[in-house]
Amino acid sequence: NAGVTQTPKFQVLKTGQSMTLQCAQDMNHNSMYWYRQDPGMGLRLIYYSASEGTTDKGEVPNGYNVSRLNKREFSLRLESAAPSQTSVYFCASRRDSLSTGELFFGEGSRLTVL
Amino acid sequence: QKEVEQNSGPLSVPEGAIASLNCTYSDRGSQSFFWYRQYSGKSPELIMFIYSNGDKEDGRFTAQLNKASQYVSLLIRDSQPSDSATYLCAVEDFGNEKLTFGTGTRLTIIP
């Protein structure tokens with residue numbers, strides 16, 4: 001059982017380049033999330049998807065777009081990367097909004113923008 | 001804007017002692033409270049959740065919630081070196097879909 005799988009694990013971009021972080025879960029969860037984690041800032045929500053076909057903004061959505069491709073997959077796209085987007089990105093999922101709230105996290109994707 | 005405050009630490013505790021981690025939150029509407037543990041370079045994992053005022057125990061861990069004071073804590077008894085990690089507090093309004101995390105407290109257990 002793989003849980004939540006993120007790719008790539010590491011990426012270096014130049015300012016202005018674009019890229020997509022991929023996330024897939026095999027737990028049949030309805031809700032999926034993208035967080036970023038910066039030193040001293042904790043985990044901040046970028047976007048989330050409560051169910052297939054829906055997406056909503058979190059705390060820090062500027063500069064990002066998302067796609068809930070199907071129930072399993074939720075991707076995060078940086079259209080024009082900026083150094084301020086250097087961070088560790090975590091994808092997470094959970095059964096639904098009425099669950100215990102346990103988020104299952106992927107291993108993280110470390111992104112550096114030069 | 002909802003805020004969740006934690007002392008960033010580091011908090012150093014001798015092996016075998018009780019580690020006490022604290023968290024305060026700003027939104028009185030918050031109803032669900034979670035403690036996650038994150039080892040360096042790893043992803044967060046859930047330790048405990050609590051909904052009701054009072055204490056909830058699970059093995060060496062006890063979560064305490066005081067909604068009137070908007071305060072939630074985590075006690076770790078008989079601390080072990082393997083407990084050394086960053087502990088993240090998170091809060092959620094019921095059915096709100098989103099958890100708001102604190103910045104985390106770094107805990108070091110000294111052998």
Side-chain angles (χ1 to χ4, degrees), chain A residues 2-6 9-10 21 23 25 27 29-52 54-61 66 68 74 87-110, chain B residues 1-10 21-27 29-52 56 58 61 63 65 72 85-107:
Chain A
V4 179
T5 303
Q6 292 181 232
K9 289 185 170 48
F10 299 94
L21 298 175
C23 175
Q25 51 89 11
M27 296 174 282
H29 286 170
N30 288 312
S31 300
M32 298 186 72
Y33 306 79
W34 276 105
Y35 285 89
R36 61 178 288 174
Q37 187 172 38
D38 304 292
M41 300 291 288
L43 285 162
R44 291 183 293 169
L45 183 64
I46 305 171
Y47 271 94
Y48 67 102
S49 171
S51 61
E52 184 179 354
T54 68
T55 61
D56 285 286
K57 295 178 180 179
E59 287 179 75
V60 288
V66 290
R68 183 74 182 266
F74 188 39
S87 188
V88 179
Y89 292 85
F90 287 100
C91 178
S93 72
R94 68 175 176 177
R95 191 179 74 222
D96 55 46
S97 62
L98 300 181
S99 69
T100 62
E102 179 172 6
L103 289 175
F104 292 85
F105 286 87
E107 293 183 341
S109 298
R110 186 175 296 275
Chain B
Q1 183 173 349
K2 186 179 302 183
E3 292 184 353
V4 179
E5 300 285 342
Q6 294 181 257
N7 188 327
S8 61
L21 304 163
N22 304 316
C23 173
T24 58
Y25 59 95
S26 62
D27 187 349
S30 299
Q31 297 191 15
S32 306
F33 306 87
F34 307 88
W35 284 100
Y36 283 80
R37 177 177 62 199
Q38 186 175 25
Y39 292 115
S40 181
K42 302 295 186 182
S43 56
E45 55 182 346
L46 183 69
I47 299 176
M48 292 192 70
F49 62 89
I50 186 168
Y51 301 142
S52 304
K56 180 180 179 182
D58 184 0
F61 299 95
L65 175 60
V72 58
T86 296
Y87 290 79
L88 301 166
C89 173
V91 305
E92 182 183 28
D93 297 339
F94 183 75
N96 191 32
E97 298 288 353
K98 299 177 287 187
L99 268 66
T100 300
F101 284 84
T103 55
T105 298
R106 186 156 57 93
L107 174 66

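Below, chain A is the first sequence line, B the second, and so on; all start at residue 1.
Residue contact with chain B, scored on non-hydrogen atoms closer than 4.5 Å, involves the backbone and the side chain of A:L43 alike. Contacts of B:E45 with chain A are absent, with no heavy-atom separation under 4.5 Å from either backbone or side chain.
Side-chain contact check for A:Y35 versus B:L99: some heavy-atom pair is nearer than 4.5 Å. Residues A:R94 and B:L46 form no side-chain contact, since every pair of their non-hydrogen atoms from C-beta on lies 4.5 Å or further apart.
Minimum heavy-atom separation, A:F90 to B:P44: CE2-CD, 4.2 Å. Between A:E102 and B:F34, the shortest heavy-atom contact is N-CE2, 4.5 Å. Residue A:Q37 comes nearest to B:L88 through the heavy atom pair NE2-CD1, 4.5 Å, listed as atom of the first residue, atom of the second, then distance. Shortest non-hydrogen contact noted between A:G106 and B:S43 is O-CB, 3.0 Å.
Considering OH of A:Y33 and NZ of B:K98, their distance stands at 10.0 Å, rounded to 0.5 Å.
Judged purely by atom type and a 3.5 angstrom limit, B:Y36 uses its side chain to pair as donor or acceptor with the backbone of A:L103.
Chosen from A:M41, A:R110, A:E107, the residue pairing most often with chain B at heavy-atom distances under 4.5 Å is A:M41.
Around atom CZ of A:R44, more than 12 heavy atoms belonging to other residues, nucleotides or ligands sit under 6.0 Å away.
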